[in-house]
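These values consider heavy atoms only, across backbone and side chains, with no hydrogens, waters or symmetry-generated copies. Please read these numbers as outputs of a predicted model, since none were measured by experiment.
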Amino acid sequence: TYGEFADGSARMQTLINTVHPGVTHNAKAVSQAVVWMQSALKNGEMDAYWIDPQQQIFMWKELFMLLALLTALVSMIPLTNLMLILPFFAGVSSPVPNRYVAGKRWGRQALINNLIAGLSFPLLMGLGGYLLGTLIPGLSMIIANGAFVWFLGNALIYFFIFKGWYKKAHKNEGVTMYDMGISFNEEKTVIRWDLIGKTALLGFLLLAWLYLSVFISQRSLGIEFRLLWPFMREFSAVRFGLFWIYLIPALAFFLLNGGIFLFGQNRMKQAATPAKTQVTWWLLNCLAGIAGLVVIWLIQYAPYLAGTAPGFELIGLPIFGEMIPLMLFVYVPEFIVLFFFLTWFYRRTGKVYLGALVIAALAIWFQVAGTAM
């Protein structure tokens, strides 16, 4: 501790052995913050208001806020089922196409997808984070800017890969856009704009339900739905405006990489029961879509956790370190959860549209509502 509390010059430095996201939930960091406040406000006096800084119960609140977050997300499933019973939304749901499966190609295609996602993550996240804001005035969220460019870059890369693959698969195997979860007709490519409009309306109602839940909780109890990262919280007017900008590349990504690739080109066989299909597809979709990001996380933090420097700094590439791989502490578990619902929406509707819209909107809500500006 430096300086004096009496004249306002006091400063305290404490070494906390953790990474940035772990500071707020580190027992030593919390106890030291309590000691600082008690010293600054009460001059170290242990009166009736004193709380032993080692008696920490804040993690109970954190765990129950996580439970609220997961419960809110799960509530989309029965709500979707109820909405799809209504005659107005009946056409939104159709059987899952069964004609095409990736078969033995699944592993190779999953590997290529992970290589692209993993290699592009530090490059595009860094490029977008530090350059997009200078090119487009007003986009001041560095992390969200990086995600913008990574989503868009991966969507464009996969678009051209899919274009070449589909041309051959259509000619040699008779694969159609119906098999890819795009067309509403088995025999020819038919885009039913009326059904896409109803799908968008259904997605809006699901998101409105979640936002209403958060709104009521924050206004009445002061509680967000979160753990570590401020996932579900109210928007400010500025952040709500930015949400629509950042949604565009995320929607493209989840339509292409998280839609056509996972449920079309890399489609798996259905299991013996709907429940087994849901769990199997979810876990394998995580393997096909997120494993590359896990590898980047391990490259950066396995050496650090072993007691040396972070990986990119260790190999002389600090430009790819700092905040870029740090976000994987949030993104990896977030995507694992979101992929469960992405899988469920596809299986429930037989199309990629509803899942792509809802999951893209959730990913950007989680990003924009809590990112520093």
Take V175 and M180 through the test side-chain contact (heavy atoms from CB on, under 4.5 Å) and record every step on the way to the result. CA-CA 8 Å; V175 174; M180 299 294 102; 3.5 Å; yes
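- E313 is linked by a side chain to side chain donor-acceptor pair (under 3.5 Å) to Q300, counting only residues two or more places apart in sequence or in another chain.
- Ring planes of F335 and W150: parallel class, angle under 30° (limits at 30 and 60°).
- Closest of all the heavy-atom pairs between W244 and F240 is CD1-O, 3.1 Å.
- In this structure, the side chains of L283 and F339 stay at 4.5 Å or more apart for every pair of heavy atoms.
- F151 is listed as a side-chain neighbour of F254, based on a closest heavy-atom distance under 4.5 Å.
- The 12-atom threshold is not exceeded at CE of M37, counting heavy atoms of other residues, nucleotides or ligands nearer than 6.0 Å.
- The shortest distance between side-chain heavy atoms of M268 and W106 falls below 4.5 Å.
- In terms of heavy atoms, Q367 sits closest to A147 at OE1-CB, 3.8 Å.
- In terms of heavy atoms, V35 sits closest to P53 at CG2-CG, 3.9 Å.
- Exactly one residue among R105, K168, R99 makes a salt bridge (charged side-chain N to carboxylate O under 4.0 Å, His left out) with E173. That residue is R105.
- Exactly one of F160, Y100, F261 qualifies for a ring pair (Phe, Tyr, Trp, His ring centres under 6.0 Å) with W165. That residue is Y100.
- Sparse packing is recorded around CD1 of I51, with 12 or fewer heavy atoms of other residues, nucleotides or ligands lying under 6.0 Å away.
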Step by step, would you call Y166 with I161 a side-chain contact (heavy atoms from CB on, under 4.5 Å)? CA-CA 9 Å; Y166 180 77; I161 291 176; over 6 Å; no
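- For the side-chain contact (heavy atoms from CB on, under 4.5 Å) criterion with F89, the lone passing option out of L195, T80, L205 is L205.
- Considering all non-hydrogen atoms of both residues, M232 and E224 come closest at O-CB, 3.6 Å.
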Please lay out, stage by stage, how T277 and R347 fare under the test side chain to side chain donor-acceptor pair (under 3.5 Å). CA-CA 9 Å; T277 300; R347 293 185 54 254; 5.1 Å; no
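- Both the sub-6.0 Å distance and the 45° axial angle are not jointly satisfied by K351 relative to the ring of Y346.
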Checking L152 against F253 for the side-chain contact (heavy atoms from CB on, under 4.5 Å) test, could you report, in this order, the C-alpha distance in whole Å, the side-chain angles of both residues, the deciding distance, and whether it holds? CA-CA 7 Å; L152 183 60; F253 175 86; over 6 Å; no
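- Under 3.5 Å, the side chains of Q218 and R233 contain no donor-acceptor pair of N or O atoms.
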Should S217 and F225 be marked as a side-chain contact (heavy atoms from CB on, under 4.5 Å) after you check the CA-CA gap, both sets of side-chain angles, and the distance that decides it? CA-CA 8 Å; S217 179; F225 300 166; 3.5 Å; yes
Side chain to side chain donor-acceptor pair (under 3.5 Å) between N113 and Y158, intermediate numbers included: CA-CA 8 Å; N113 184 65; Y158 179 67; over 6 Å; no
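- Residues W281 and K276 fail the side-chain proximity criterion, which asks for heavy atoms closer than 4.5 Å.
- Here the shortest heavy-atom pairing between N154 and A117 reads OD1-CA, 3.6 Å.
- Among all heavy-atom pairs drawn from W209 and S75, the shortest one is NE1-OG, 2.8 Å.
- Within the 4.5 Å cutoff, side-chain heavy atoms of L354 are placed close to those of L202.
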Stepwise side chain to side chain donor-acceptor pair (under 3.5 Å) test for N285 and T343: CA-CA 8 Å; N285 282 337; T343 302; 3.2 Å; yes
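- Between F121 and Y331, the ring planes lie perpendicular to each other; the angle is over 60°, past the 30° to 60° tilted range.
- Within 6.0 Å of the CG atom in N172, the count of heavy atoms belonging to other residues, nucleotides or ligands exceeds 12.
- Between W36 and F5, the ring planes lie tilted relative to each other; the angle falls in the 30° to 60° range.
- Taking the six-membered ring where the residue is Trp, the centroids of W229 and F329 are separated by 6.0 Å or more.
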